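As structure tokens, the structure follows; a few thoughts come after it.
All values derive from a computational prediction rather than experimental measurement. Residue numbers start from 1 in every chain, and the chains themselves are labelled A, B, ... in the order their sequence lines are given, proteins ahead of strands.
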2 protein chains.
Amino acid sequence: MAAMTTDQKLVIAASALLDSGGDEAVTLRAVGRAVGVSHNAPYKHFESRNALLAAVAVAHFATLTDMFRTIRRSAAKPTTKLKRAFKIIIDCGHENPARYRLLFSNPDIAAQGGELERTALATFGEFAEIVRECQSAGQLPGISNKALTGLLFSTMHGLIDREASGRMRPDKGLSGVRPSMDLLIQLLSPNK
Amino acid sequence: MAAMTTDQKLVIAASALLDSGGDEAVTLRAVGRAVGVSHNAPYKHFESRNALLAAVAVAHFATLTDMFRTIRRSAAKPTTKLKRAFKIIIDCGHENPARYRLLFSNPDIAAQGGELERTALATFGEFAEIVRECQSAGQLPGISNKALTGLLFSTMHGLIDREASGRMRPDKGLSGVRPSMDLLIQLLSPNK
DNA sequence: ACCTGAACACCGTTCAAGT
DNA sequence: ACCTGAACACCGTTCAAGT
């Protein structure tokens, strides 16, 4: 932590504030205080608060890509790989809801394009390859890989977001994201 | 508009501001200005800004329930009814994204519970009945109605939210919410 | 190159005071 | 009962100025 640039320190501080206090806790004043600079020093490193948050998102997307790649290269069965990939995203939604929303549900951040868009597409691409393995193994329908990946990812995202929004009460008959995804996989399986 | 209470005027003004300028445009100062009262007059009618937004959501949920009920009571085929119900929500997501997020993706609003929760559950219930008709007609799997409804609704929500967040670029192989939902219905159909 | 302090134009919310 | 005006404690952002 000695050899860390101010840029990195700012991103790390912003990420910690996001996880501990949610989006509105990431004020430039709090970030500056955590790093030991003034509240407008971040403007010397990032164009705006949104640009700083986009840098946080880039770092997390890169980590997700690595985790997905590790899963894909493992010796597990395709469906096991898929469930592990699901679990990573679902756990993120549960443990760090503000971070999840930054990555997957924030129009202002996604609109920045550039490096963020590239990194996010890489994450999606790794996920798509795991889906492809399931298709090749006959565990998922042999339709367009991208269409199926988008459908699965969107369903998972919808379930996570609805649960985080408090709109998936038990009386709605949905016990959670995981069982719902298991149900979907089962319904989609070509083997009966 | 003569015989309108101040409460109603505030809700209507807030809703209009939400649709035209997004969530951050709904400031109590702007709402007050639109109605012709001071910027803190709303506090005499609602506990907070969030309570005012919750009242906006209640009004829209009630409208959605009515529209779903009308569809359900029509003479159309079950799958046609379902597609019309989808279309109403999808159109809302496209035409009034901020309103859509208020209704379906805002944890702070949903956390208010009370009348909002009841109204939202009624909307969901009407939707579930349309899904049930499709199940009875053999167009959708005969599993738990609530589980299937939640799955369909979550998928639609995930697709809408990902599109609104700018994360469903054409190069991801997804041409839009509607075709993706059609694909899902087709994949889920018991008839082959 | 990098940072600071003061300032600006906003917020939601509170409160004493008016009718 | 209902509303107002001033005030408070925040924001993101800008800018002149310092080293």
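Residues satisfying the ring pair (Phe, Tyr, Trp, His ring centres under 6.0 Å) criterion with B:F86, sequence neighbours excluded, are B:F127. By the side-chain contact (heavy atoms from CB on, under 4.5 Å) test, A:A41 pairs with A:V37, A:S38, sequence neighbours left out. Judged as a side chain to side chain donor-acceptor pair (under 3.5 Å), and not counting sequence neighbours, B:T6 has no contacts. A:S20 is linked by a side-chain contact (heavy atoms from CB on, under 4.5 Å) to nothing, counting only residues two or more places apart in sequence or in another chain.
Within residues 31-38 of chain A, the residues approached by DNA chain C to less than 4.0 Å at the level of any non-hydrogen atom are A:V37, A:S38, in residue-number order.
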For residues 91-98 of chain B, which side-chain N or O atoms pair as donor and acceptor with protein atoms under 3.5 Å away, sequence neighbours left out?
{"from": "B:D91", "atom 1": "OD2", "to": "B:K87", "atom 2": "NZ", "distance (Å)": "2.7"}
{"from": "B:H94", "atom 1": "NE2", "to": "B:E163", "atom 2": "OE1", "distance (Å)": "2.4"}

Expected list for residues 22-36 of chain B: side-chain donor-acceptor pairs under 3.5 angstrom, two or more places apart:
{"from": "B:D23", "atom 1": "OD2", "to": "B:R49", "atom 2": "NH2", "distance (Å)": "3.4"}
{"from": "B:T27", "atom 1": "OG1", "to": "B:A30", "atom 2": "N", "distance (Å)": "3.0"}

*Let me have a per-nucleotide readout for nucleotides 14-19 of chain C, 5' to 3', with B, S or -, counting only protein heavy atoms under 4.0 Å.*
BB----
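Rounding to whole angstrom units, CG of residue B:L28 and P of D:dC3 are separated by 14 Å. Atoms CD (A:E24) and P (D:dG12) sit 11 Å apart, rounded to a whole Å. When the P atom of C:dG12 is taken as reference, atom CG of B:L10 falls 13 Å away, rounded to whole Å. Between B:R49 atom CZ and C:dC10 atom C1' the separation is 13 Å, expressed in whole Å.
For residues 98-111 of chain A, the set of pairs meeting the salt bridge (charged side-chain N to carboxylate O under 4.0 Å, His left out) definition, not counting sequence neighbours, comprises A:D19-A:R99, A:R101-A:D161. Listed by first and then second residue, the ring-ring contact (aromatic ring centres under 6.0 Å, His included) pairs that reach into residues 23-55 of chain A come to none, sequence neighbours excluded. Note on residues 120-134 of chain B: pairs passing salt bridge (charged side-chain N to carboxylate O under 4.0 Å, His left out), not counting sequence neighbours, are B:R69-B:E126, B:R72-B:E126, B:K81-B:E133, B:E129-B:R132.
Nearest heavy atoms, B:L152 versus B:I185: CD2-CD1, 3.9 Å.
Here the two rings, on B:H157 and B:Y100, have centers that are under 6.0 Å apart.
Between A:R29 and B:T6, the residue anchored nearer the 5' end of DNA chain D, judged by the nucleotide with its closest heavy atom, is B:T6.
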_Pairing annotation in dot-bracket form, given for DNA chain D with Watson-Crick or G-U pairs under 3.5 Å and | for cross-strand partners_ = ||.|||||...|||||.||
